[in-house]
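Below is one structure, written out as structure tokens; the observations come after it.
Since this is a predicted model, take the numbers as computed values, not measurements. Sequence positions, counted from 1, serve as the residue numbers for this chain.
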Amino acid sequence: MKDFKLYDMDSNEFYKLIDSTRVELKKHNDGYRKISDKLHKIMDKYTNLQLLLEDEKIVELNTEECKKLQEIVSLGMQLRVYEEQQIFFLGARENYFYIQNLGIIKV
């Protein structure tokens, strides 16, 4: 991953960094990958959920699809926990470099 300085980035670069964090999690974190794969399998199997969540179509869901929607929401929240933790540590690292760049920390 390219070495970025968060405090020098524009918003596009920032969102690219967030996306690359997700890619890194999927490559190197088994827990994240398992949850992500499970979510994608559900989405692949239930086309009404794809229409609802990806295409923002109004669709009528049956009971099974409603249960799977609840599962998707739960899996999505679990993924966010991994992502937020990674972003927190990324921010902490960048904060260190920022303070170092200001000359407050000498290495």
For this session: Please check if Phe89 and Tyr82 belong to a single hydrophobic cluster, counting links between Ile, Leu, Val, Met, Phe, Trp and Tyr side chain heavy atoms closer than 4.5 Å.
Result: no
Exercise. Which value, rounded to the nearest 0.5 Å, describes the distance between Glu65 atom CD and Ile42 atom CD1?
Worked result: 12.0 Å
Problem set entry | Name of the residue among Lys68, Glu64, Lys41 meeting side chain to side chain donor-acceptor pair (under 3.5 Å) with Tyr46 | Glu64
For this session: Salt-bridge test for Lys16 and Asp19: reply yes if a basic N is under 4.0 Å from a carboxylate O, no otherwise.
Result: no
Exercise. Distance-only, no hydrogens or angles: does the Arg22 side chain make a donor-acceptor pair with backbone N or O of Glu83 under 3.5 Å?
Worked result: no
Exercise. Can you list the steps and then say if Leu25 with Arg33 is a side chain to side chain contact (heavy atoms under 4.5 Å, CB included)?
Worked result: CA-CA 7 Å; Leu25 277 168; Arg33 184 176 34 253; over 6 Å; no
Exercise. Given the rule in the side chain to side chain contact (heavy atoms under 4.5 Å, CB included) test, do Leu17 and Leu90 qualify, once you have shown the distances and angles that lead to the verdict?
Worked result: CA-CA 10 Å; Leu17 182 60; Leu90 176 63; 3.5 Å; yes
For this session: Given side chain to side chain contact (heavy atoms under 4.5 Å, CB included), test Leu49 with Leu61 step by step and report yes or no.
Result: CA-CA 8 Å; Leu49 295 177; Leu61 302 178; 4.0 Å; yes
Exercise. Measuring from Leu102:CG to Phe97:CZ, what's the distance to the nearest 0.5 Å?
Worked result: 13.5 Å
Exercise. With a 4.5 Å heavy-atom cut-off, do Val81 and Met77 have their side chains touching?
Worked result: no
Problem set entry | Single-linkage hydrophobic cluster Ile104~Tyr96, side-chain heavy atoms < 4.5 angstrom | yes
Problem set entry | Test item: Ser74 side-chain N/O and Gln70 main-chain N/O as donor-acceptor pair under 3.5 Å | no
Exercise. Going from OG1 on Thr47 to CG on Asp55, what distance comes out if it is rounded to the nearest 0.5 angstrom?
Worked result: 10.5 Å
Exercise. Just wondering, are more than 12 heavy atoms of other shown residues or ligands nearer than 6.0 Å to CD in Glu54?
Worked result: yes
Problem set entry | Pairwise side-chain contact, Glu71 with Leu39, heavy-atom cut-off 4.5 Å (strictly under) | no
For this session: State the CD-OG distance between Glu13 and Ser20, to the nearest 0.5 angstrom.
Result: 11.5 Å
Exercise. CG of Leu79 to CD1 of Ile72: how many Å apart, nearest 0.5 Å?
Worked result: 11.5 Å
For this session: Kindly compute the distance separating CZ (Arg80) from CG (Leu75), expressed to the nearest 0.5 Å.
Result: 10.0 Å
For this session: May I ask you to test the Leu69-Leu52 pair for a side-chain heavy-atom distance under 4.5 Å?
Result: yes
Exercise. Is a side-chain N or O of Gln50 found less than 3.5 angstrom from the main chain of Met43, in a donor-acceptor match?
Worked result: yes
